[in-house]
Trainee: 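The structure is given below, and queries will be raised subsequently.
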2 protein chains.
Amino acid sequence: MNQKQLQSEQTKKKIAVAARALFVQKGYKATSIEDIVGATGSSKGNIYYHFKSKEGLFLYLIEEWDHEWELNWEQSVHLYRTTTEKLYAVAEQLAADDLNHPLTKAADEFFHNEEKTSEVESRMAEMNVKHLAFNQKLLQEGIESGEFKPGDAERLAVVLEAIFFGANHLSRSLGPDMTTMLYRDAVTVFLNGIAEE
Amino acid sequence: MNQKQLQSEQTKKKIAVAARALFVQKGYKATSIEDIVGATGSSKGNIYYHFKSKEGLFLYLIEEWDHEWELNWEQSVHLYRTTTEKLYAVAEQLAADDLNHPLTKAADEFFHNEEKTSEVESRMAEMNVKHLAFNQKLLQEGIESGEFKPGDAERLAVVLEAIFFGANHLSRSLGPDMTTMLYRDAVTVFLNGIAEE
DNA sequence: ATCTATACCGAACGTCCAGTCAGTATTGTA
DNA sequence: TACAATACTGACTGGACGTTCGGTATAGAT
């Protein structure tokens with residue numbers, strides 16, 4: 001890797017970092033390429049040299065983030081013994097993400113906007129599948145270990161995803177404490193339900 | 001009510017109906033005022049005569065819809081005896097809404113877009129509060145009747161809202177059968193949890 | 001018949017913004 | 001040094017779109 005490539009990589013990262021900050025502050029649509037130009041000192045053309053499009057840039061950030069999340073998780077799984085503990089840990093981590101990583105806000109603004117390239121759409125679908133698979137694996141594990149009632153892990157995975165997605169959304173109008181509480185409550189309900197025996 | 005007022009009211013309704021259809025088809029942002037002009041035969045100016053803004057028009061549709069939902073619910077509550085039955089009924093109705101009333105799609109595209117008037121924002125908050133109150137009341141009822149475990153109805157209401165919201169979102173990439181199933185599963189999990197005793 | 005308020009029209013305006021491109025600068029290579 | 005590839009610039013394009021506003025038509029009141 002010679003100096004030119006290095007420089008290039010740094011520039012790309014610089015753009016990514018600035019863009020992330022702006023998307024976090026102002027949301028996806030409200031952040032214009034010009035804003036990013038202003039924040040980086042890089043030119044418009046250069047941004048388009050490093051990233052295919054605004055969508056592409058944003059997707060890059062999302063995937064980067066998703067990847068980091070996975071790494072964090074893999075590093076900390078071993079801390080938890082039972083699947084129940086793991087579930088709570090996931091909730092904890094997601095709650096922290098909502099709080100510390102407000103890219104989520106811009107993210108689902110983005111995910112809801114109508115105008116998507118088919119490429120973007122397919123990459124989004126991939127991510128979705130990955131999440132469901134993650135949930136399913138966790139649930140299956142719990143079922144096999146006898147912690148959870150026997151059930152269709154695939155269907156439950158969807159329910160769990162819905163819960164997390166919804167919690168993520170509602171956390172926007174909640175304070176930090178409430179957010180943490182919501183995620184915990186949600187997992188508790190998921191595990192124990194609310195019906196009297 | 002004289003002829004003029006009547007005509008006026010009809011026009012407003014005509015605009016609302018056409019706009020709804022377009023929002024459903026194309027989403028919020030992708031539907032332009034010109035599209036609505038094209039679909040109604042009414043002029044741009046006339047639309048702005050009847051509605052304050054595009055946002056205002058959309059909000060009008062949402063509130064109309066919310067109101068109808070409430071009416072439907074009030075008409076059918078008496079069919080259900082236990083709170084459990086009611087919860088499933090709510091889920092059923094919401095699932096049907098997702099399927100039949102795809103304004104939901106445009107709705108949360110709208111709800112996620114950054115640029116909102118403070119008035120719109122407060123009206124959205126109102127609706128949110130109303131939903132939570134609805135959930136809370138239902139849960140409280142179930143707790144008092146002994147159907148549900150004693151618990152903090154307010155916090156559970158938030159969890160329930162999160163579940164419904166998430167289910168609504170995930171239903172987009174699911175077929176009709178899966179959607180119904182998801183809602184049912186979600187309520188079942190909410191009631192019974194998945195943990196082994 | 002005259003007046004007035006309401007309903008309606010649609011061209012024009014101003015703004016915003018993603019993306020392009022012809023050209024320049026810098027670094028690596030032969 | 002000459003050539004090429006890569007990195008970068010920023011003025012410009014082209015089009016979308018919400019909103020306004022001067023003006024017209026119509027129905028009811030006086």
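All chains are named by letter (A, B, ...) in the order of the sequence lines, taking the proteins before the strands, and each is independently numbered beginning at 1.
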Trainee: Within 45 degrees of the axis of the six-membered ring of B:Y28 and under 6.0 Å from its centre: does B:K54 put its NZ or CZ there?
Mentor: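 The answer is yes, since B:K54 meets both limits relative to B:Y28.
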Trainee: Would you mind telling me which of B:Q7, B:K14, B:K12 makes a side chain to side chain contact (heavy atoms under 4.5 Å, CB included) with B:Q10?
Mentor: B:Q7
Trainee: Does a salt bridge link A:K29 with A:E109, judged by any charged N lying under 4.0 Å from a carboxylate O?
Mentor: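 Between A:E109 and A:K29 there is no salt bridge, as every charged N stays at least 4.0 Å from the carboxylate O atoms.
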Trainee: Quickly work out the B:Y49 OH to D:dT19 P distance and round it to whole Å.
Mentor: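 For the pair B:Y49 OH and D:dT19 P, the rounded distance is 18 Å.
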Trainee: Rounded to the nearest angstrom, tell me the gap between atom CD in A:Q7 and atom P in D:dT9.
Mentor: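 My rounded result for the distance is 10 Å.
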Trainee: Check this one for me: any side-chain N or O of B:T11 less than 4.0 Å away from OP1 or OP2 of C:dC8?
Mentor: yes
Trainee: Expressed in angstrom and rounded to an integer, what is the separation of B:Q5 atom CD from C:dT6 atom P?
Mentor: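 Checked: the CD to P distance equals 10 Å.
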Trainee: Is it the case that the base of C:dG19 and the side chain of A:K44 share a donor-acceptor contact (distance under 3.5 Å, atom types as modelled)?
Mentor: yes
Trainee: Under 4.0 Å between a side-chain N or O of B:H50 and OP1 or OP2 of C:dC8?
Mentor: yes
Trainee: Rounded to the nearest angstrom, tell me the gap between atom CD1 in A:I47 and atom P in C:dT20.
Mentor: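 After rounding, the gap between these two atoms is 14 Å.
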Trainee: Quick one: on DNA chain C, does B:S8 or B:E34 contact a more 5' nucleotide (nearest heavy atom)?
Mentor: B:S8
Trainee: Which of these nucleotides, C:dC8, D:dT19, D:dT9, is closest to any side-chain atom of B:S53?
Mentor: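 Ranking C:dC8, D:dT19, D:dT9 by closest atom to the B:S53 side chain puts D:dT19 first.
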Trainee: Would you say D:dT9 has OP1 or OP2 under 4.0 Å from some side-chain N or O of A:N46?
Mentor: yes
Trainee: Describe, in one word, how the ring planes of B:Y80 and B:W73 are oriented to each other, choosing from parallel (under 30°), tilted (30 to 60°) and perpendicular (over 60°).
Mentor: parallel
Trainee: Would the distance check show the side chain of A:D35 and the main-chain N or O of A:S32 forming a donor-acceptor pair, the cut-off being under 3.5 Å?
Mentor: yes
Trainee: Taking CG from B:L57 and P from D:dC17, how many angstroms apart are they, rounded to a whole number?
Mentor: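 Taking CG of B:L57 and P of D:dC17, I get 16 Å after rounding.
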Trainee: Quickly work out the B:F51 CZ to C:dA7 C1' distance and round it to whole Å.
Mentor: 14 Å
Trainee: Can you measure A:K54 atom NZ to C:dC16 atom P for me and round it to whole angstrom units?
Mentor: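 Checked: the NZ to P distance equals 14 Å.
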Trainee: Which part of the nucleic acid, if any, lies within contact of A:T31, taking any heavy atom under 4.0 Å across all strands shown: a base, the sugar-phosphate backbone alone, or nothing?
Mentor: sugar-phosphate
Trainee: Round to the nearest Å and state the distance from A:D35 atom CG to C:dT15 atom C1'.
Mentor: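 After rounding, the gap between these two atoms is 15 Å.
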Trainee: On the nucleotide D:dT19, are OP1 or OP2 found under 4.0 Å from the side-chain N or O atoms that B:Y48 carries?
Mentor: yes
